[in-house]
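Worksheet: the structure to be examined is printed underneath.
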2 protein chains.
Amino acid sequence: MTEDTQIAPLIQQLARSYAAILQEQLKPLGLTPGQLPALQQLWSQDGKTQAALVAALQVEQATMANTLARMERDGLIERRKAAHDGRIRHIHLTAKARGLEAEAREAVMRAEAAFLAPLRPGQQKRLAEFLVVLAEGEQGSEGS
Amino acid sequence: MTEDTQIAPLIQQLARSYAAILQEQLKPLGLTPGQLPALQQLWSQDGKTQAALVAALQVEQATMANTLARMERDGLIERRKAAHDGRIRHIHLTAKARGLEAEAREAVMRAEAAFLAPLRPGQQKRLAEFLVVLAEGEQGSEGS
DNA sequence: ACCATTTCCATAGCGCCCTATACAACATGC
DNA sequence: GCATGTTGTATAGGGCGCTATGGAAATGGT
């Protein structure tokens, strides 16, 4: 029956499905899914610049600027301009954001677990391998 | 090193990556990725209602209404109200949209092929099986 | 010193997803 | 027959991704 299963649309659907699960887990914390990657970066090292976040997370600069604006509006971060270079703004977590780290980490783990629940651990591992190949093959596939 | 590879974010990234590839393939046709699912439904059977499209494609009703509004604006569809029931609007393709079917089909196949290129066919098949399990497990997991 | 370029960030505008709400048209109960 | 409920769409508003553009601060060449 299902001879051409159309993998790509499935992935898009799963991405939306996971976003919904994660959003539900994050709602009690007052966080949104899009804020998480930036928060994780800043939890590991506070004071990064926007350019550093853009480089670490694979999003466009404008996307990051907008996400940071929402996070500032929500009282999660402050942007302080560097003394020695007026272009650069270091992103600093507020006490509120620092206090959310443990709970957020648990929420992410719950979301990931719920998302992957239909697969057994061994299958999850093989799935991850395939996805990594796809992700690495997609960008800069040319060359060795 | 990579003990918890974080599968879900990978899927989100791949979904964005595929969207970019598909968008590039569709651009010459004047179509956008979000219009495709509705178009495919209508190519297979013209005149479906919005409710039928919502049921077939897994999106919210409001999302479909907005997508259809953009498609109407772009001259791809017409919405005609049913004679016997003033609530219902049958969605009909324009000649322009009908003429794009073959090219769009090829564009989708090219996008899918480019996306999956890093994996060999056998791996693609196993990946598809995993994803189907996830997709089916995610929605309505309760019951038999 | 100055002009051109580069670097870093912000803004405008759009696509597509969501929830919540509004509203018109049909269906039903009494 | 009329109020009540249900059904099919539309609208409002927001998140998060993108491209394109603008602007301010540093840098580099002459």
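Computed from a predicted structure; not experimentally measured. Here is how names work: the chains are called A, B, and so on, in the same order as the sequence lines, proteins then strands, and each is numbered from 1. Excluded from the calculations below are hydrogen atoms, water molecules and symmetry mates; all remaining heavy atoms, backbone and side chain alike, are included.
B:H90 comes within 4.0 angstrom of nothing in the nucleic acid, heavy atoms only. Residue contacts for B:R80: at a heavy-atom cut-off of 4.0 Å it reaches no nucleic acid atom on any strand shown. Here B:R89 lies in heavy-atom contact (under 4.0 Å) with sugar-phosphate atoms only. At the heavy-atom level, A:A69 lies nowhere under 4.0 Å from the strands shown. As judged by a 4.0 angstrom heavy-atom cut-off over every strand, B:A19 is placed among residues making no nucleic acid contact. Using a 4.0 Å heavy-atom distance criterion, B:R79 is classed as a sugar-phosphate-only contact.
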After noting the C-alpha distance and the side-chain angles of A:E78 and A:R80, does the key distance pass the salt bridge (charged side-chain N to carboxylate O under 4.0 Å, His left out) rule?
CA-CA 6 Å; A:E78 280 178 14; A:R80 307 187 199 139; 3.3 Å; yes

Go through it in stages, so that I can follow the logic: the residues are A:M109 and A:E112, the test is side chain to side chain contact (heavy atoms under 4.5 Å, CB included), and I'd like the CA-CA distance, side-chain angles, deciding distance and then a yes or no.
CA-CA 5 Å; A:M109 284 177 53; A:E112 176 100 0; 5.7 Å; no

If you apply the rule side chain to side chain contact (heavy atoms under 4.5 Å, CB included), what do you find for A:L68 with A:R79, and how did you get there?
CA-CA 9 Å; A:L68 292 176; A:R79 286 186 272 195; 4.0 Å; yes

Using the rule given for side chain to side chain contact (heavy atoms under 4.5 Å, CB included), can you reason through A:Y18 versus A:L22, listing the C-alpha separation, both sets of side-chain angles and the distance that settles it, and then say yes or no?
CA-CA 6 Å; A:Y18 173 70; A:L22 181 59; 3.8 Å; yes

Go through B:I91 and B:T49 one step at a time and tell me if the side chain to side chain contact (heavy atoms under 4.5 Å, CB included) criterion holds.
CA-CA 6 Å; B:I91 317 294; B:T49 67; 5.9 Å; no

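Of the listed residues (B:L127, B:I11, B:L131), just one forms a side chain to side chain contact (heavy atoms under 4.5 Å, CB included) with A:L10, and that residue is B:L131.
If you check D:dT7, D:dT19, D:dG15 against the side chain of A:E60, the one that comes closest is D:dT19.
Heavy-atom contacts of chain A under 4.0 Å fall on DNA chain C between two terminal nucleotides, which in 5' to 3' order are C:dT7 to C:dC18.
If you take CG of A:L22 and P of D:dG15, they are 16 Å apart, rounded to a whole angstrom. Summarising the geometry, the separation between CD1 on B:I88 and C1' on D:dT9 is reported as 11 Å, rounded to the nearest angstrom. As a whole-Å value, the separation of B:M64 CE from D:dT11 C1' is 17 Å. For the pair A:D74 CG and D:dC16 C1', the computed distance is 14 Å after rounding to whole Å. Atom CG in A:L68 sits about 14 Å away from atom P in D:dG15, given to the nearest Å. We find that CG of A:L57 is positioned 11 Å from P of D:dC18, with the value rounded to whole Å. The CD-P distance, from B:Q13 to D:dC16, rounds to 17 Å in whole Å. Here the C1' atom of nucleotide D:dA10 and the CD1 atom of B:I91 are 12 Å apart, to the nearest Å.
The residue among A:D85 and B:T63 whose nearest nucleotide of DNA chain D is located toward the 5' end is B:T63. Taking for each of A:K27 and A:A65 the nucleotide of DNA chain C with the nearest heavy atom, the 5'-most of the two is the partner of A:A65. Along DNA chain D, the nucleotide nearest A:N66 and the nucleotide nearest A:Q23 are compared for position; the residue whose nucleotide lies closer to the 5' end is A:Q23.
Using a 4.0 Å cut-off, some side-chain N or O of B:R16 falls inside it from OP1 or OP2 of D:dC18.
Around the CZ atom of A:R105, the shell of radius 6.0 Å holds no more than 12 heavy atoms that belong to other residues, nucleotides or ligands. Around CD of A:Q23, the count of heavy atoms belonging to other residues, nucleotides or ligands within 6.0 Å does not exceed 12. For A:E24, the CD atom sits in a loose shell: 12 or fewer heavy atoms of surrounding residues, nucleotides or ligands are nearer than 6.0 Å.
At least one side-chain heavy atom of B:L39 sits under 4.5 Å from a side-chain heavy atom of B:M71.
For the contact set between residues 35-51 of chain B and DNA chain D, defined by any heavy atom under 4.0 Å, the members are B:T49, B:Q50, B:A51.
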